[in-house]
Amino acid sequence: MEERYNPQAIEPKWQNTWLETGADRTSDESDRPKFFALSMFPYPSGNLHMGHVRNYSITDVIARFKRMNGFRVLHPMGWDAFGLPAENAAIDRGISPAVWTKQNIAQMRTQLQQLGLSYDWDREVTTCSPDYYRWTQWLFLQFLDSGLAYQKESAVNWDPIDQTVLANEQVDAEGKSWRSGAVVEKRMLRQWFLKITDYAEQLLQDLDKLPGWPDKVRAMQANWIGKSTGARVVFQTEAGAEIPVFTTRPDTLWGATFMVLSPEHPLVPDLVTDTTKDKVEAYKTAAAAKSEIDRTDDSREKTGVFSGSYAINPVNDRKIPIWVADYVLMGYGTGAIMAVPAHDQRDFDFATAFGLDIIPVVFPPDADPETAETLTEAYADNAAGVLRNSGPLDGLTVPDAKQRVIEHLEEKQIGTAQVNYRLRDWLISRQRYWGCPIPVILCPDCGIVPVPDDQLPVELPADVEFTGRGASPLAQLDSWVHVDCPSCGTAARRETDTMDTFIDSSWYFLRYSDATNDGKVFEPNKVNDWLPVDQYVGGIEHAILHLLYSRFFTKVVRDRGLLNFDEPFKRLLTQGMVQSLTYKDPKTNEYIPADKIEVLEKPVSPSTGNKLEVFFEKMSKSKYNGVDPQSVLQHYGADTARMFILFKAPPEKDLEWDDADVEGQFRFLNRVWRLVEGFVSQGARPEVYESGDLSKAEKDLRRATHIAIKEVTEDIEEGYQFNTAIAELMKLNNALNDAKLLDSPVYAEGLQTLVQLLAPFAPHIAEELWAELGHTESVHTSTWPTANANALVADSVTIVIQVNGKRRGEFEAPSDVSREQQEELAKATDAAQKYLAEGTLRKAIVVPKKLVNFVIK
RNA sequence: GGGCGAGUGGCGAAAUGGUAGACGCACCGCACUCAAAAUGCGGCGGGGAAACCCGUGAGAGUUCGAAUCUCUCCUCGCCCACCA
């Protein structure tokens, strides 16, 4: 055996062996329980970053652990391969998106293999490959058939110089095109949507079926869906036009003193008068010109104009002015609100800014309810008090009034109870090339005609030019666009929009169950066998969209009868970011790469000489703080990188990259290596302990071994506590190192156990050491050790003595000590006697085998 | 404004009602070495000679006993946000 631990030699060796023997292929033995371990698949940018390494290391530990525990494990990898960067590469460098993507995938696959990740590469999926996107298209047609895909006019970002549609990411913070620098405009286009709103209630309700998800993610999804219950109330203008509003506070209806319509509201042109027309028009134009950035600006100064018309409050016939203001959004509710300034802060601010009526106040404060001056802010609290100024609601509490008012509205036929969701339908059209083509044909006679199944996939043409200007490359390619209608044969056009890449990733986890099927999207028995995913691991940044879309897809596909479960991901782990030391010039706001700084202890900018700020931040190119996984692998090997990342912080917390700690992990693996080396090189190989009498030292070591088994198992199984699991490995290592018992079978047992427990974390070194210990089969197919209950019991236990809750001493007691004995033994100690003499013993609290607390007065 | 979470040594962190700081990093001392590195051994919250005292963001409470449970407040992070 080599004296030195040399990862550069053993890692490639074992990686090749595993590949050749198919060690990581999915087992089909159906008599074993299944486990589906999944990491969120990456976009193939060409380079693995530390976030990937962290994500995949976590999942790999779980997959390997489950395999050793007798599960058949599905642990696949794939590529979320459509998307903008490939198209940019085509424009900038003339490489075709397909070729560029393919190269990147090849490069990243090699990097992944160097990490020793136990993927079944036979099930690799690539979303940009026709044998995958064929089924993406097929699924789209299922949506279309269910009436869940439809077209609607919607705004896009339009670059007036390049005459092209821009993705949101191509519009910079100032609202300008990344390429031409032109101010981006909004244009209306007919685009495809998926009706996710039909599933809003289910998506909300079923969050309760996901106890294995972080509360945070469930809360974020619930928030995003944004259910509110209230009422729809119809107001009439003096001219007789109806304006429905949605309110969550119908109980405050008697307090409405004006109405506000969104500038985009279709009724606005009908409300203006000769005197207000120009002002309202000007306001509408100004609002339309406002970019997203201005709209989300924090300044929050209320703006608006009077429309010129009045409405009648249907419950009290009060005549109230109708205003137009952009704090009311066309996209939520009905695009119109009733304003109750006394009980809504936004309405209060608006009323204050424009001198509108604030009263009546319809529930406390009590002071002088009729004077607006007594109100300095809206009174929204509804905890106490009863209503007034509210006709039939007078005297009711707010909760009662909320009930009663709905009945009242329905009796009078002016409103109904209504539920509203913040969630909007999903705009999936992209006017881009490198995405999945939407498989429909637009026929002048038949309208929207789905591409027949036997003509799928609609493949992306290869002979395309990329200029970054004009219409999407697909729309510019006449030979591709012009096609006969499959239904009537007339000359028709293909849909040239491609799908949002979130579609590709909304079902890939289903495909892994039957990845190579070329006749079906997947066999029902396979998808129902492997799914749902038992453990999904990925970044918190996907907490809303990707996970919500995937849940939506799963439910729709279920309702098409293609599978039989409600939720795709049983347990979810969202790992924290990987951060590293970042240097920033506080005066110029420039980030400085560490290798440009001469003295790191007192970092100053090399160009300005300013003292730099030093802090941890997420690794990113623009901050020059990235640590390249490749260089870490070359230096320390994959096992050290994995160990460091898993040990440094619990998986869901942010992790601070620290070279010294990486070094520390390398040292730990070296210690394990030397332990085995020392054992093997002395020649004697006693058999692993089975039974027989043991010395005190042997008993202690054996106990340490079995405690490690127990703790490591619980840490992995019960809460992804890989950091404490590794700490337990270190303890066992220390115990073996301290025990001078090389000839004992207990030592052999301990050493062997250490290597097995290490295997999920550091698979290469564990495999090598396992072989050195004389095994011919892989450590990864060995059976995970079980803690022996007898071995865990110590001969004696340490009992802590407390007096009035303060620690005053301790003593050793036999481990089978009874409650009564424990109390008596404790009383007899010097420590206890000293305090017992000072007062009267009131009570003794005995925690068996742990502690005795004397309460003394 | 709403939601979620966090605050413990010089640092990353353990401990989820029972010995606060496991494990590791950094640091200090010793051994080995001509020397350094590597490695091994030992120390390492603060105060104190010691007995002891203090100590988990602040304050109160519950309890025999609180980092842990409850309440109030402070600070930080993330997500959502004129959502009616």
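Each chain gets a letter, A, B and so on, in the order its sequence line appears, and its residues count up from 1.
For the pair A/R422 and A/W224, the cation sits on the ring face: its NZ or CZ lies under 6.0 Å from the ring centre, inside 45° of the axis. A cation-pi geometry, defined here as NZ or CZ lying under 6.0 Å from the six-membered ring centre and within 45° of its normal, does not hold between A/K827 and A/F854.
Comparing B/rC4, B/rU19, B/rA14 by their closest approach to the side chain of A/N723 singles out B/rA14. Of the candidates B/rC79, B/rC83, B/rC25, B/rC83 carries the atom nearest the A/R424 side chain, counting heavy atoms from C-beta on. With distances taken from any side-chain atom of A/T248 to the nucleotides B/rC4, B/rC23, B/rA84, the minimum falls on B/rA84. If you check B/rG12, B/rC64, B/rC82 against the side chain of A/D326, the one that comes closest is B/rC82. The side chain of A/K648 approaches B/rG12 more closely than any other nucleotide in the set B/rC41, B/rG3, B/rG12. Side-chain proximity of A/E810 to B/rU19, B/rA14, B/rA84: nearest is B/rU19. Taking the side chain of A/D738 as heavy atoms from C-beta on, and the options B/rG3, B/rC41, B/rA84, the nearest nucleotide is B/rC41. Minimum atom distance to the side chain of A/W224 is reached by B/rC80, of the listed B/rC80, B/rC83, B/rC41. The side chain of A/L329 lies closest to B/rA84, out of B/rG12, B/rA84, B/rC79.
Between A/N223 and B/rG2 there is no side-chain N or O to OP1 or OP2 distance below 4.0 Å. Between A/R808 and B/rC53 there is a side-chain polar atom (N or O) within less than 4.0 angstrom of OP1 or OP2. Between A/K806 and B/rC54 there is a side-chain N or O to OP1 or OP2 distance below 4.0 Å. Considering only side-chain N and O atoms, A/K731 lies nowhere under 4.0 angstrom from the phosphate OP1 or OP2 of B/rA22. For A/R422, no side-chain nitrogen or oxygen approaches OP1 or OP2 of B/rA84 to under 4.0 Å. Contact between the side-chain N/O atoms of A/Q721 and the OP1/OP2 oxygens of B/rA22 is not found at any separation under 4.0 Å. Side-chain nitrogen and oxygen atoms of A/N734 include none within less than 4.0 Å of the OP1 or OP2 phosphate oxygen of B/rA22. Contact between the side-chain N/O atoms of A/R667 and the OP1/OP2 oxygens of B/rA26 is found at a separation under 4.0 Å. Listed pair A/K850 / B/rG18 fails the phosphate criterion, with no side-chain N or O lying under 4.0 Å from OP1 or OP2. The phosphate of B/rG40 has OP1 or OP2 within less than 4.0 Å of a side-chain N or O from A/R674.
For B/rC64, the paired nucleotide is B/rG18, the pair qualifying as Watson-Crick or G-U wobble because both relevant distances are below 3.5 Å. Base-pair partner of B/rA49: not found among the strands shown (Watson-Crick or G-U wobble, both distances under 3.5 Å). For B/rC30, the paired base is B/rG40 (Watson-Crick or G-U wobble, both distances below 3.5 Å). If you check B/rC23 for Watson-Crick or wobble pairing at under 3.5 angstrom, you find it paired to B/rG12. B/rG59: Watson-Crick or G-U partner is B/rC71, with both key distances under 3.5 Å. Of all nucleotides present, only B/rC80 satisfies the Watson-Crick or G-U wobble test against B/rG1, with each distance under 3.5 Å.
The distance between atom CD of A/E656 and atom C1' of B/rG77, rounded to the nearest whole Å, is 13 Å. Distance, A/L851 CG to B/rG18 P: 10 Å, rounded to whole Å. One can place CD of A/E663 at 11 Å from C1' of B/rC25, the figure rounded to the nearest angstrom. Rounded to whole angstrom, the span from the CZ atom of A/R54 across to the C1' atom of B/rG12 amounts to 12 Å. Residue A/R807 contributes atom CZ, which lies 16 Å from atom C1' of B/rC54 at whole-angstrom precision. Computed from coordinates, the A/R4 CZ to B/rU39 C1' distance equals 13 Å when rounded to whole Å. The nearest whole Å value for the distance from the NZ atom in A/K653 to the P atom in B/rU8 is 9 Å. When rounded to the nearest whole Å, the span between CG of A/D347 and C1' of B/rC83 equals 13 Å.
The aromatic rings of A/F502 and A/Y549 lie perpendicular to each other, with more than 60° between the two planes, well past the 30° mark. Between A/Y332 and A/F246, the ring planes are perpendicular. Angles over 60° get that label, and only those under 30° would be called parallel.
Mapping A/Q802 and A/N737 onto RNA chain B by nearest heavy atom places A/Q802 at the nucleotide closer to the 5' end. Ranked by how close their nearest RNA chain B nucleotide is to the 5' end, A/E728 and A/R671 are led by A/E728.
Using a 3.5 Å distance cut-off with no hydrogens or angles, the side chains of A/N420 and A/S228 do not pair a donor with an acceptor. Counted by atom type alone, A/R551 and A/Q221 present one or more donor-acceptor pairs between their side chains at under 3.5 Å.
In terms of modelled atom types and a separation under 3.5 Å, the side chain of A/N804 and the main chain of A/I856 share a donor-acceptor contact.
Under the 6.0 Å cut-off for aromatic ring centres, A/F647 and A/F761 do not qualify, their centroids lying 6.0 Å or more apart.
Taking the O4'-C1'-N9-C4 or O4'-C1'-N1-C2 dihedral as appropriate, B/rG9 has a value within 90° of 0 and is therefore syn.
Among the heavy atoms of the strands lying under 4.0 Å from A/D661 are primed sugar atoms or P, OP1, OP2 only; no base atom is included. In this structure, A/P650 reaches the sugar-phosphate backbone alone: every heavy-atom distance under 4.0 Å involves primed, P, OP1 or OP2 atoms, never a base. Across all strands, A/G226 comes closer than 4.0 Å to no nucleic acid atom at all (heavy-atom distances).
One can find a donor-acceptor pair under 3.5 Å joining the base of B/rC82 and the side-chain atoms of A/K302.
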